[in-house]
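Atoms considered below: every heavy atom in the structure, side chains included; atoms not considered: hydrogens, waters and symmetry mates. Atoms within each ligand, like the ligands themselves, are counted from 1 in listed order. Fair warning: this is a prediction, and the values are worked out from it, not measured in the lab.
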Amino acid sequence: MDKFIIEGGTPLKGTIAISGSKNAALPIIAAGLLGNSETTIHNIPRLQDIYTFNNVLRVVGAKVDFIENENTVKIDPTGVSHLEAPYDLVRKMRASFYMLGALVGKHGYAKVSLPGGCAWGPRPVDLHLKGMEAMGIKISLDKGYVIAEAGDTLKGGSFTLEPSSVGATVNLLLASVLKAEKFVIKNAAKEPDVVLLCNTLVKMGANIEGIGTDKLTIRKVEELNGVEINNDPDRIELGTYMIAGAMHPENELTLTGCNADHLGGFPDLLRKTGTKVDIDGSVIKIKAPKVLKAVSAKTDIYPGFPTDLQAQWATMLTQAEGKSKVTDTVYFDRFSYVPELVRLGAEMHNEKNTVHIEGKTPLTGASVMSTDLRASVSLVLAAMVAENTTEVLRIYHLDRGYESLENKLGPVGAKITRVEDQ
Ligand code: EPZ
């Protein structure tokens with residue numbers, strides 16, 4: 001297992017290009033299985049989760065070509081015949097559960113393992129299954145697998161997501177566009193990832209109303225055509241590097257290939273810390289303040305503060321003057337990074353789904369352990385401002401969601417080396 005060795009204390013100055021979005025790519029790759037011809041998707045990041053998902057599609061019989069030097073994926077669904085997604089692949093990545101909606105939505109049958117996913121907390125899929133049953137899909141469980149069965153046309157109906165769920169919205173869209181006479185998803189997720197999926201499905205020929213709102217109405221169409229589309233830039237990678245730009249008083253970062261429209265209220269929240277945020281089309285310039293102000297945050301569904309930036313924001317607050325707190329209302333236990341930051345010298349503690357932070361605390365290098373994707377990148381952010389050397393272990397978590405992290409941070413001044421862990 002690889003690790004990062006990071007010498008902290010050097011400022012970050014320069015330009016970082018933002019990659020394609022992992023969480024937007026996975027649903028539209030799954031949508032490629034619904035077409036009757038090849039789908040081509042550009043701006044796909046070279047990430048472990050993409051490689052894993054491409055293999056899941058190959059297992060069911062799709063032809064998937066990842067032209068890595070062009071960040072392009074081509075999906076030919078015409079050979080799909082094995083309508084099962086196995087445990088040993090699905091357990092590696094929760095989003096493989098999208099295969100349930102894609103396979104039953106196109107072929108009327110799917111047998112998909114219940115998902116694994118991140119190390120933290122339970123990650124239920126009850127909304128996915130109840131929503132499919134509300135549509136008229138027959139759901140049964142068999143030794144850790146979900147079996148979904150549907151005839152040519154489903155009566156449809158409506159289903160309200162409580163809480164709003166990105167994954168459930170994605171799965172219900174994939175299952176309904178070719179099957180349900182009329183199906184209404186209420187309290188649907190409005191994340192840009194969902195909007196891109198809806199727009200892609202409509203370009204393929206689907207009938208979806210309410211795109212971008214929390215009420216989606218789907219009406220069955222007879223067939224969908226393969227398309228050529230561009231994936232969105234990664235809004236969470238972007239937010240992560242914006243936060244990195246705020247964490248050392250001499251940092252100045254130019255971020256390119258961005259879509260600031262996907263950040264909701266995040267830029268204004270970052271400005272409240274005293275950080276300069278200049279948005280000019282697809283370029284965002286970040287200039288750190290001499291003194292970082294402590295600004296508390298509470299996560300919410302889109303367009304609220306994203307839970308995927310919760311750990312990064314709390315890490316930044318260890319370098320801000322004063323007391324602050326971060327509450328996660330989406331995941332109540334997504335705080336596995338806290339004890340690791342305490343090992344570096346941070347003064348922070350949890351009370352239920354809130355972490356309380358006392359800043360500014362000097363951080364000192366140590367060995368720390370990655371636990372999940374966003375917790376891991378937070379350890380890198382902390383290590384870059386900690387004095388001396390920090391070892392970040394188990395960075396395979398990072399490789400799931402941050403394309404070429406060390407090759408993006410090194411050129412702007414970070415002293416970061418990847419080494420094979422013996
Ligand atoms: C997606 O996960 C993202 N993953 C997550 O990003 C992100 O944190 C999350 O949305 C919230 O924005 C991908 O897009 C691949 P949810 P998802 O269903 O769809 C509860 C990252 O770091 N829930 O929106 O699994 C659930 O427990 C990853 O890139 C149910 O109760 O999240 C949570 O409290 C981590 N029943 C809330 O809904 C269900 O059936 C939101 O989860 C499904 C979800």
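Within the 4.0 Å heavy-atom criterion, both parts of H128, backbone and side chain, lie near ligand 1. The proximity of D126 to ligand 1, defined as any non-hydrogen pair under 4.0 Å, involves the side chain as well as the backbone. Residue contacts with ligand 1, taken as heavy atom pairs separated by less than 4.0 Å, involve S165 via backbone and side-chain atoms alike.
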Could you walk me through whether N36 and N225 pass the side chain to side chain donor-acceptor pair (under 3.5 Å) test, one step at a time?
CA-CA 5 Å; N36 55 17; N225 303 307; 3.3 Å; yes

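Of the listed residues (N23, D234, L127, D328), the one carrying the non-hydrogen atom nearest atom 40 (O) of ligand 1 is L127. Of the candidates F332, F53, Y331, F97, it is Y331 that places a heavy atom closest to atom 32 (O) of ligand 1. Within the set S21, A24, P163, A189, the minimum heavy-atom distance to atom 38 (O) of ligand 1 is found for P163. When T299, V377, D308 are ranked by how near their heavy atoms come to atom 5 (C) of ligand 1, first place goes to D308.
Defined by atom type and a distance below 3.5 Å, a donor-acceptor pair is missing between the side-chain atoms of H356 and E358. Side chains of H42 and E228: a donor-acceptor N/O pair is present below 3.5 angstrom, by distance only. When only modelled atom types and interatomic distance are considered, S19 and D234 share no side-chain donor-acceptor pair under 3.5 Å.
When each atom of ligand 1 is checked for a heavy atom of V330 under 4.0 Å away, the hits are 33 (C), 34 (O), 41 (C). Listed by number with element, the atoms of ligand 1 under 4.0 angstrom from any heavy atom of T307 are 8 (O), 11 (C), 12 (O). For ligand 1 and K22, the ligand atoms under 4.0 Å from any heavy atom of the residue are 21 (C), 29 (O). Atoms of ligand 1 lying under 4.0 Å from at least one heavy atom of V166, given by number and element, are 10 (O), 16 (P), 18 (O), 19 (O), 24 (O). Interface of V125 with ligand 1, defined as ligand atoms under 4.0 Å from a residue heavy atom, comprises 39 (C), 40 (O). Set against the non-hydrogen atoms of G167, the atoms of ligand 1 under 4.0 Å away are 18 (O), 19 (O).
Ionic pairing of R400 and D49 is present here: one or more N-O contacts between side-chain nitrogen and carboxylate oxygen are shorter than 4.0 angstrom.
Taking the six-membered ring where the residue is Trp, Y51 and F66 present tilted rings, their angle falling between 30° and 60°. Between F305 and F266, the ring planes are tilted. Angles from 30° to 60° get that label.
Within the 4.0 Å heavy-atom shell around ligand 1 one finds R334. In this structure, K130 has no heavy atom closer than 4.0 Å to ligand 1.
With S376 contributing its side chain and D372 its backbone, the two residues share a donor-acceptor pair below 3.5 Å.
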